[in-house]
Undergrad: 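Take a look at the following structure, please.
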Amino acid sequence: MAGTLRVRFAPSPTGYLHTGGARTALFNYLWAKGQGGVFILRVEDTDEERSTEESMRAILDGLQWLGIMWDEGPDPKQFGESIGPFPPYYQSMRRPLHQEYMKKLWDAGHVFYCPATAEEMTGPDGKKLTFSPYRDITREEQEKRLAAGEVMPVRFRCPRDVEVSWEDAVRGKVTFSSNEVGDFVLFKGNGQPLYNFVVVCDDIDMQITNVLRGEDHISNTPKQILLHEALGHTPPEFGHVPLIVGMDRQRLSKRHGATAVDAYEEQGVLPEAMVNFLALIGWAPGDDREKMTLEEMKQAFDPHRCTKAAGAFNPDKLKFFNELYIRELSPDALLERLRRFIPPVWLEHRGEDYAKHVFTLFQEKIAYLNEMEANAWYFFRDPVEADNNEKSVAKFLTENESAKQVLSEIAAGMEALGDGEWTEEKLAPIVDGFVESSGLGRGKVMQPWRVALTGDAISPGFYDLVVTLGKETVLRRVQPWIDRL
RNA sequence: GGCCCUAUCGUCUAGUGGCCUAGGACGCCGCCCUCUCAAGGCGGAAACACGGGUUCGAGUCCCGUUAGGGCUGCCA
């Protein structure tokens, strides 16, 4: 393979970064980086009405969050600025180049101003004509109409009866008849260039060697190949990855839950989990590995190993990967990832080390970072009546014969513990002693305590709970129950 | 409708003519562990869409059927 691999991700900023786009970007990134190539980001904002700066921001942020950083493209720090040898990387700012290529096509006779009305482009069967009735209009006629101020789109004069085919990197040979392509529009009547034209200009100018994109672009490919050839250029190699669908095999939509990656970020999905999960829809390394770092994926990625059938977005599997990645975070890393998901006062309550320790207690219990707050709150404030789970309180405290004794006898034992003795080693004999003397099971003993301390019957291990909370807090929370029962 | 693409457990996938009695993962079910909830360990159910070929031999190649999807814009 001669030369450097140059690939691009070319989103149009008309919405957020959705999962399909993120995966396409990821595949391009993995491929380029694994081959020592260049990953380019180009903003396809040719449609001025639909493109927004806000959307572009969201896409840039999304890619950066995922760790998919581009070598050439928009400057993430300065909107409108570009980084790389072929600026600008905003399509709307590349009009001079597009005009230049337009002139080449015009001079070579590959395009024509088409005066056809909508009616004239419609056949007797009511369907759109593929070839314009004006495709053989003379140059003089076009210039005359232009001079008269007539508004006309520019069309590509598509050759008839030509077979257009390419060796698709993921699908193998794909063939179209040029008769299916037709005289497509390059410039709108108002002079605005259209996607299929600018993409070719820019790919040539940016020296793109390989195009890996969604399957929805397959039918654009013959148009682009024809254009490359008309411009005297060898087309890049193309590859089309299948779409991501919902579990019901329908196109991904709001019904399937979040489609935008920022929604997953807000839910507390780790970017490394998201990337790992996304990479496995439509691609597999070939061995049984599933959990992989970005680095491992770069080494293994090859578009020829991509699947040809659409893959379903399985939320359960994303959840699984997120649990996996959360579990392997160090206490410090866990705290950092959690910062935006917890009340800031938690870190001041007893300091960051305390909070850090508390979080590790829940590390194997949560699937998403945003679940921490609802789980760990009682380590940062005493439960009040409204926090209590009525059923748990009834079962283990108010309607439990032995509750008062369980709480008071053990509390008495705890009370006797001196400074530095608030450890599992010192506490366990007290609990064990009571379990033995009372003949009650450990569950019968620990559950009332758990409810008294947290308001519910679910918490980390008994000793983790008691030791972490500390003597003062534990006794403060239990005393009201001893008095009340 | 036309054109193009696709088809292995519920889902993501391995599989490129004999290594397949079809492997892994998620999910699901059962058991173990156990102070709750989880986690963890062990085990289990679960697929080559259908019909024709080609071949000594087909999940793997060819054709058809069926079923999905994409495109069919002076959107990208």
Side-chain angles (χ1 to χ4, degrees), chain A residues 10-15 44-47 49-51 91 114 116 118 121 125-128 130 151-155 168 170-172 174-177 179-182 184-196 198-199 213-222 240 242-247 249-251 277 279-291 305 307-321 323-324 327 362-367 375 392 396 431 435 441-451 454 456-463 465:
Chain A
S12 67
T14 54
E44 310 240 317
D45 54 352
T46 44
D47 188 335
E49 273 101 76
R50 300 199 307 150
S51 298
Q91 226 158 37
C114 180
M121 283 302 290
D125 55 357
K127 282 191 280 191
K128 288 218 166 53
T130 49
V151 173
M152 298 175 285
V154 175
R155 287 182 187 273
D168 196 282
V170 348
R171 283 151 209 282
V174 180
T175 307
F176 279 81
S177 162
N179 296 336
E180 293 292 330
V181 176
F184 57 96
V185 176
L186 266 35
F187 284 83
K188 292 164 73 162
N190 67 10
Q192 187 184 313
L194 257 18
Y195 171 74
N196 279 120
V198 292
V199 78
R213 70 226 303 198
E215 189 185 49
D216 49 337
H217 281 287
I218 287 188
S219 52
N220 284 326
T221 306
H240 294 88
L243 271 19
I244 297 178
V245 297
M247 289 296 278
R249 310 246 65 156
Q250 296 301 300
R251 198 192 195 105
F277 166 70
L280 260 18
I281 303 179
W283 173 76
D287 45 43
D288 283 338
R289 281 181 300 164
E290 290 218 321
K291 183 170 180 296
R305 289 201 54 81
T307 306
K308 292 199 263 285
F313 185 99
N314 184 345
D316 282 332
K317 187 123 186 186
L318 171 60
K319 182 183 179 195
F320 165 76
F321 273 118
E323 292 170 326
L324 218 52
R327 271 182 255 141
F362 292 93
Q363 195 163 11
E364 299 204 328
K365 297 175 184 297
I366 63 170
N375 276 275
S392 297
F396 296 109
V431 175
V435 165
R442 307 179 82 80
K444 289 263 188 293
V445 173
M446 290 172 169
Q447 286 301 75
W449 271 88
R450 212 183 302 267
V451 179
T454 72
D456 204 350
I458 300 167
S459 88
F462 180 80
Y463 296 107
L465 175 68

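Excluded from the calculations below are hydrogen atoms, water molecules and symmetry mates; all remaining heavy atoms, backbone and side chain alike, are included. Lettering follows sequence order; numbering is per chain, from 1.
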Undergrad: What interatomic distance, in whole Å, is found between P of B:G51 and the corresponding atom of B:U60?
TA: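 It comes out at 13 Å once rounded to the nearest Å.
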
Undergrad: Write down the distance separating the C1' atoms in B:C3 and B:G44, rounded off to the nearest Å.
TA: 47 Å

Undergrad: Any N or O donor-acceptor pair linking the side chain of A:K317 to the base of B:A25 at under 3.5 Å?
TA: yes

Undergrad: OP1 or OP2 of B:G73 less than 4.0 angstrom from a side-chain nitrogen or oxygen of A:R155, does that happen here?
TA: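 It does not, given that no N or O in the side chain of A:R155 lies less than 4.0 Å from OP1 or OP2 of B:G73.
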
Undergrad: Ignoring backbone atoms, establish whether A:R305 has a side-chain N or O less than 4.0 Å from OP1 or OP2 of B:G15.
TA: yes

Undergrad: Closest nucleotide of RNA chain B for A:R171 versus for A:I458: which of these residues is on the 5' side?
TA: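 Of the two residues, A:R171 wins.
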
Undergrad: What is the nucleic acid contact for A:E323, judged by heavy atoms within less than 4.0 Å: base, sugar-phosphate only, or nothing?
TA: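 If one applies the 4.0 Å heavy-atom cut-off, A:E323 turns out to touch nothing in the nucleic acid.
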
Undergrad: Are any of A:K188's side-chain N or O atoms less than 4.0 Å away from OP1 or OP2 of B:C75?
TA: yes

Undergrad: So which nucleotide does B:C74 pair with, by the Watson-Crick or G-U wobble rule with both distances under 3.5 Å?
TA: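 The base-pairing partner of B:C74, which may sit in any strand shown, does not exist here.
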
Undergrad: Specify the separation, in whole Å, of atom CZ of A:F321 and atom P of B:C26.
TA: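 Spelled out: CZ on A:F321 to P on B:C26 is 9 Å.
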
Undergrad: By nearest heavy atom, map A:F320 and A:E215 onto RNA chain B; which one lands nearer the 5' end?
TA: A:E215

Undergrad: For a quick test of reading the model, state the closest non-hydrogen atom pair linking A:T14 to A:R50 and the distance between them.
TA: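 So the two residues come closest at CG2-O, 3.4 Å.
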
Undergrad: Counting any heavy atom closer than 4.0 Å, what does A:K365 reach on the DNA or RNA strands: base, sugar-phosphate only, or nothing?
TA: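 The residue A:K365 makes base contact.
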
Undergrad: So, is A:Q192 near the phosphate of B:C74, with a side-chain N or O under 4.0 Å from OP1 or OP2?
TA: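 No, no such contact exists.
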
Undergrad: Show the nearest heavy-atom pair for residues A:S219 and A:F176, with the distance to one decimal.
TA: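 Answer, listing the atom of A:S219 first, then A:F176: CA-CZ, 4.0 Å.
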
Undergrad: Looking only at atom C1', what distance separates B:U13 and B:C32, rounded to whole Å?
TA: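 Result for the C1' pair: 30 Å, nearest Å.
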
Undergrad: With rounding to the closest Å, how many angstrom separate the P atoms on B:U21 and B:A67?
TA: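 Going atom to atom, P in each nucleotide, I get 33 Å.
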
Undergrad: Between atom OG1 of A:T175 and atom CG of A:D168, what is the distance when rounded to the nearest 0.5 Å?
TA: 11.0 Å

Undergrad: Return no unless some side-chain N or O of A:T307 is found under 4.0 Å from OP1 or OP2 of B:U13.
TA: yes

Undergrad: Whole angstroms only, please: what is the CG-P distance between A:L243 and B:G70?
TA: 7 Å

Undergrad: With both distances under 3.5 angstrom, what nucleotide forms a Watson-Crick or G-U wobble pair with B:A58?
TA: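 None - no nucleotide pairs with B:A58, as no candidate has both distances under 3.5 Å.
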
Undergrad: Has the side chain of A:N220 got a donor or acceptor that lies under 3.5 Å from a partner of the other kind on the base of B:A76?
TA: yes

Undergrad: Just how far, in rounded Å, is P of B:G1 from CD of A:E180?
TA: 15 Å

Undergrad: Can you tell me, in whole Å, how much space there is between the C1' of B:G30 and that of B:A14?
TA: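 Between the two C1' atoms, the distance is 27 Å.
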
Undergrad: Consider the side chain of A:D288, meaning its heavy atoms from C-beta on, and name the nucleotide among B:G10, B:G24, B:U13 that approaches it most closely.
TA: B:G24

Undergrad: Tell me the interatomic distance from A:L465, atom CG, to B:A38, atom P, rounded to whole angstroms.
TA: 17 Å

Undergrad: A:S12 side chain: which of B:A14, B:A76, B:C26 is closest?
TA: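 Of the options given, the side chain of A:S12 lies nearest B:A76.
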
Undergrad: Which of these nucleotides, B:C71, B:C35, B:C12, is closest to any side-chain atom of A:L280?
TA: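 The answer is B:C12, which lies nearest to the side chain.
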
Undergrad: Students often get this wrong, so: under 4.0 angstrom with heavy atoms, is A:G189 touching a base, only sugar-phosphate, or nothing?
TA: base

Undergrad: Is A:T14 touching bases, backbone alone, or none of the nucleic acid, heavy atoms closer than 4.0 Å?
TA: nothing

Undergrad: Do any side-chain nitrogens or oxygens of A:R327 fall under 4.0 Å of OP1 or OP2 in B:G40?
TA: yes

Undergrad: Under 6.0 Å between ring centres, would you say that holds for A:F277 and A:F313?
TA: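 Yes, ring centres under 6.0 Å apart.
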
Undergrad: Name the nucleic acid region contacted by A:P460, choosing base, sugar-phosphate or nothing; use a 4.0 angstrom heavy-atom cut-off, strictly under.
TA: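 It contacts base atoms.
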
Undergrad: Expressed in whole Å, how much space separates the P atoms belonging to B:G18 and B:U11?
TA: 27 Å

Undergrad: Identify the nucleotide, in any strand shown, that forms a Watson-Crick or G-U wobble pair with B:C31, with both distances under 3.5 Å; if there is none, say none.
TA: B:G41

Undergrad: B:A38 and B:G27: how far apart are their P atoms, nearest whole angstrom?
TA: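 It comes out at 13 Å once rounded to the nearest Å.
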
Undergrad: Once you apply a heavy-atom cut-off of 4.0 Å, does A:A312 come out as touching a base, just sugar-phosphate, or nothing?
TA: sugar-phosphate

Undergrad: Which value, in whole Å, describes the distance between the P atoms of nucleotides B:G59 and B:C19?
TA: 10 Å

Undergrad: Looking at B:C19, which nucleotide sits across from it as a Watson-Crick or G-U wobble partner, both distances under 3.5 angstrom, or is there none?
TA: none

Undergrad: Indicate whether OP1 or OP2 belonging to B:A76 is found under 4.0 Å from a side-chain N or O atom of A:T46.
TA: yes

Undergrad: Applying a 4.0 Å non-hydrogen cut-off, can you work out what A:G461 is touching in the nucleic acid: base, sugar-phosphate, or nothing?
TA: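 Base contact.
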
Undergrad: Considering all heavy atoms of both residues, which atom of A:R327 and which atom of A:Q363 are nearest to each other, and what is their separation?
TA: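 Looking at all heavy atoms of both residues, the closest pair is O-NE2, 3.6 Å.
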
Undergrad: If you check the A:Q91 side chain, which of B:A76, B:U11, B:U36 turns out closest?
TA: B:A76

Undergrad: Would you please test A:K128 and A:M121 for side-chain contact (heavy atoms from CB on, under 4.5 Å) and show each step?
TA: CA-CA 6 Å; A:K128 288 218 166 53; A:M121 283 302 290; 5.8 Å; no

Undergrad: With the side chain of A:F176 defined as its heavy atoms from C-beta on, choose the nearest nucleotide among B:C4, B:U36, B:G68.
TA: B:C4

Undergrad: Taking the six-membered ring for Trp, are A:W449 and A:F462 parallel (under 30°), tilted (30 to 60°) or perpendicular (over 60°)?
TA: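 Geometry flag for A:F462 against A:W449: perpendicular rings.
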
Undergrad: Which heavy atom of A:L280 sits nearest a heavy atom of A:P285, and at what distance?
TA: CD1-CD, 4.4 Å

Undergrad: Is there ring stacking between A:H240 and B:G70, where the centres must be under 5.5 angstrom apart and the planes under 30 degrees?
TA: no

Undergrad: Roughly how many Å is it from CZ in A:R289 to C1' in B:C12, rounded to a whole number?
TA: 16 Å

Undergrad: Would you kindly give the CG-to-P distance between A:D316 and B:U11, to the nearest whole Å?
TA: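 Computing the A:D316:CG to B:U11:P distance gives 13 Å.
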
Undergrad: Using a 4.0 Å heavy-atom cut-off across all strands, classify A:K128 as base, sugar-phosphate, or nothing.
TA: sugar-phosphate

Undergrad: Are there more than 12 heavy atoms of other residues, nucleotides or ligands under 6.0 Å from atom NZ of A:K319?
TA: no

Undergrad: In Å and rounded to the nearest 0.5 Å, what is the CG to CD1 distance from A:L318 to A:I281?
TA: 8.5 Å

Undergrad: Calculate the interatomic distance between A:F187 atom CZ and B:A76 atom P; express it in whole Å.
TA: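 In whole Å, B:A76 P lies 12 Å from A:F187 CZ.
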
Undergrad: Measure from the side chain of A:L194, starting at C-beta and using heavy atoms only, and say which of B:A25, B:C75, B:U11 lies closest.
TA: B:C75

Undergrad: Please state how far atom CZ in A:R50 lies from atom C1' in B:C75, giving the value in whole angstrom units.
TA: 4 Å

Undergrad: Do the side-chain N or O atoms of A:R251 get closer than 4.0 angstrom to the phosphate oxygens (OP1, OP2) of B:C71?
TA: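 For B:C71, OP1/OP2 do have a side-chain N/O of A:R251 under 4.0 Å.
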
Undergrad: Could you tell me which nucleotide pairs with B:A49 by Watson-Crick or G-U wobble geometry, both distances under 3.5 Å, or answer none if nothing does?
TA: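 Partner of B:A49: B:U65.
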
